[in-house]
Amino acid sequence: MRRLLDRPAPSEIPAPLPWPRRILSHPRLAPYHRLAALVLVGNAALLYYALTTGGWWRATDGGLANLSYAALANVALAVVIRQQYVINLLFWLATRAPTRWPLRLRWGLGKVYHFGGLHVGGALAGTAWFAGYVAELTRQALADRAVTAVLVLSYLLIALLLALVATALPPVRGRRHDLFERVHRFGGWAALILLWAQTVLVVDGTRDGTPLVGALLGSPPLWTLALLTVSVALPWLRLRRVPVQVDRPSGHVALLTFGHTTPFAGSSTAISRRPLLEWHSFANVPAPGERGFRLTVSRAGDWTGALIDEPPNRIWVKGITTAGVANIETLFTRVVYVATGSGIGPVLPHLLAGKVPAHLVWSTRSPRATYGDELIDEILRVQPDATIWDTARRGKPDMVALALQAWRATSAEAVICIANQKLTRQVVHGLERRGIPAYGAIWDS
């Protein structure tokens with residue numbers, strides 16, 4: 001195991017960028033937030049257009065239709081951008097760029113995994129437009145002194161949408177993730193059903209003698225809802241309960257081995273013991289030339305603890321294997337992987353595949369005792385010069401300093417960090433403010 005300097009010499013540390021460029025590297029101005037703001041600004045521009053052209057949402061049924069179309073378009077964006085096939089397509093398109101392109105351009109393309117900002121922007125804008133729709137529908141109902149089924153469904157829908165938004169707020173999602181997950185699953189399904197029912201009622205009330213089926217087939221919202229339904233259903237159509245072999249090199253880690261399929265390196269698989277209640281995604285580790293794959297599960301809560309202590313013989317898997325952040329490695333001629341603890345799981349498949357020259361910096365406690373000799377020897381076979389920092393023996397390192405040292409020593413173009421949320425942000429921000437492309441998970445789901 002190669003031992004790098006504990007921290008690079010001051011003369012080796014790149015100076016921070018000028019403040020106009022440095023400020024854009026701040027986590028608050030990450031591409032994720034910029035994309036969300038872009039969607040909201042676009043919708044604000046549409047609202048401004050509506051206000052300055054006579055208020056096309058008022059006075060006529062056509063105005064209600066415009067409000068509903070704006071709401072549905074944004075909701076569709078929020079749902080479809082999270083679909084696994086769409087995510088894989090986005091990664092595929094972003095990583096088509098050859099390494100001869102300017103680094104600045106490839107740096108930006110590598111931020112493709114921030115697509116969740118479109119989800120947030122679409123969800124917020126869609127909820128706001130639908131609230132406007134409900135307000136206008138209520139005004140018309142009060143004027144006509146009529147409470148219709150469409151109005152009742154609309155109130156149920158806006159309540160569901162507000163619940164989805166409220167539980168997705170970072171403080172709630174972080175502290176009550178199980179609640180967030182269940183509200184999004186069951187609330188999302190309920191909202192989709194109510195949207196179908198509302199669409200049928202609205203079309204039925206405005207079809208002017210046209211047969212209902214024909215009117216529905218000619219309705220743009222129906223085809224949008226069909227797309228959303230297929231998007232939501234596809235992962236569940238691939239729900240399977242498959243055999244799993246669980247090895248426990250220590251009380252902290254379980255290595256799950258599957259043989260039912262061979263996913264691509266850098267993808268993830270969602271697993272569950274109770275498929276309607278909770279799911280957990282882990283990075284797939286396929287071995288080149290062999291069928292099947294492994295998952296590395298570390299003790300990080302009640303669910304993972306129960307999996308390690310009481311390993312199952314079969315487990316549920318769902319969805320389409322989905323590209324992860326480290327897939328952007330092919331945009332660069334050489335990369336440094338910075339990982340802590342079980343972060344080695346998402347990194348290992350890329351090291352084994354060897355598509356891009358890489359250097360591993362891994363900080364973990366008692367690596368051989370925790371993960372077993374077999375896994376450590378496998379890592380060293382493909383990374384004989386890896387920097388493996390034993391925190392039990394040497395204490396916690398300065399990961400930003402180690403990343404800088406490895407970046408300079410290997411002439412890498414980018415650094416990819418797989419660690420906990422706080423450390424990932426420290427490493428990514430610490431490097432990017434110095435003009436070094438850096439990437440790491442953003443915990444937006």
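Index from 1, following the sequence. Not measured: the values here are computed from a predicted model.
Using modelled atom types, no side-chain atom of N43 and backbone atom of A125 make a donor-acceptor pair closer than 3.5 Å. Using modelled atom types, one side-chain atom of R185 and one backbone atom of L277 make a donor-acceptor pair closer than 3.5 Å. The backbone N or O of G266 lies less than 3.5 Å from a partner atom in the side chain of N327, making a donor-acceptor pair. Checking side-chain atoms of Q383 against main-chain N and O of L360 turns up a donor-acceptor pair under 3.5 Å. Side chain of R106 to backbone of T99: a donor-acceptor contact under 3.5 angstrom is found. Side-chain N or O atoms of T224 include one that pairs as donor or acceptor with a backbone N or O of P220 at under 3.5 Å. At least one donor-acceptor pair under 3.5 Å links the side chain of Y113 to the backbone N or O of G440.
No side-chain heavy atom of Y439 sits under 4.5 Å from any side-chain heavy atom of V415. Two residues are said to be in side-chain contact when any heavy atoms from C-beta on lie closer than 4.5 Å; R314 and V242 fail this criterion. Inter-residue side-chain proximity for V165 and L124 is flagged as met; some heavy-atom pair is nearer than 4.5 Å. Residues E374 and E378 form no side-chain contact, since every pair of their non-hydrogen atoms from C-beta on lies 4.5 Å or further apart.
Listed by first and then second residue, the ring-ring contact (aromatic ring centres under 6.0 Å, His included) pairs that reach into residues 82-104 come to none, sequence neighbours excluded. Under the side-chain hydrogen bond (donor to acceptor under 3.5 Å, both in side chains) criterion, the residue pairs touching residues 283-293 are S267-N284, T269-N284, with sequence neighbours excluded.
Applying the ring pair (Phe, Tyr, Trp, His ring centres under 6.0 Å) test to H280 and every residue at least two apart in sequence or in another chain returns W303. Partners of T333 by side-chain hydrogen bond (donor to acceptor under 3.5 Å, both in side chains), not counting sequence neighbours, listed by chain and number: E413. Listed by chain and number, the residues in a side-chain contact (heavy atoms from CB on, under 4.5 Å) with T391 are S363, R365, W389, P397 (sequence neighbours excluded). Every residue meeting the side-chain contact (heavy atoms from CB on, under 4.5 Å) condition with P221, not counting sequence neighbours, appears here in chain and number order: Y69, L72, T199, S219. Looking at residues two or more places apart in sequence or on another chain, you find a side-chain contact (heavy atoms from CB on, under 4.5 Å) between A419 and T340, C417, L423, T424. With sequence neighbours excluded, the residues satisfying side-chain contact (heavy atoms from CB on, under 4.5 Å) with P275 are L239, S272, W279, W316. In this structure, the ring pair (Phe, Tyr, Trp, His ring centres under 6.0 Å) partners of Y371, at least two apart in sequence or on a different chain, are W362. Not counting sequence neighbours, F282 has no partner by the ring pair (Phe, Tyr, Trp, His ring centres under 6.0 Å) test. Legend: residues meeting side-chain hydrogen bond (donor to acceptor under 3.5 Å, both in side chains) with D302, ordered by chain and number and at least two apart, are absent.
Proximity of the aromatic rings of F115 and H119 is defined here by a centroid distance below 6.0 angstrom, and this criterion is not met.
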Practice item. Evaluate the salt bridge (charged side-chain N to carboxylate O under 4.0 Å, His left out) criterion for residues E432 and K111: first the C-alpha distance (whole Å), next the side-chain angles of each, then the deciding distance (0.1 Å), finally the verdict. Key: CA-CA 12 Å; E432 293 218 320; K111 299 295 184 180; 3.0 Å; yes
Exercise for review: Check step by step if salt bridge (charged side-chain N to carboxylate O under 4.0 Å, His left out) holds for R299 and D309.
Suggested key: CA-CA 10 Å; R299 189 181 296 272; D309 295 335; 2.7 Å; yes
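Aromatic ring orientation, H260 versus F258: perpendicular (interplanar angle above 60°, classes split at 30° and 60°).
Taking CD1 of I158 as the reference point, atom CG of L194 lies at 12.0 Å (rounded to 0.5 Å).
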Atom pairs and distances, donor-acceptor, side-chain atoms in residues 341-356, under 3.5 Å, two or more places apart:
residue: S342; atom: OG; partner: S298; partner atom: OG; Å: 3.3
residue: H350; atom: ND1; partner: E329; partner atom: OE2; Å: 3.3

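Donor-acceptor pairing under 3.5 Å is lacking for the side chains of W129 and S68. In summary, the side chains of D247 and Q245 do present a donor paired with an acceptor at a separation below 3.5 Å, with no hydrogens or angles considered.
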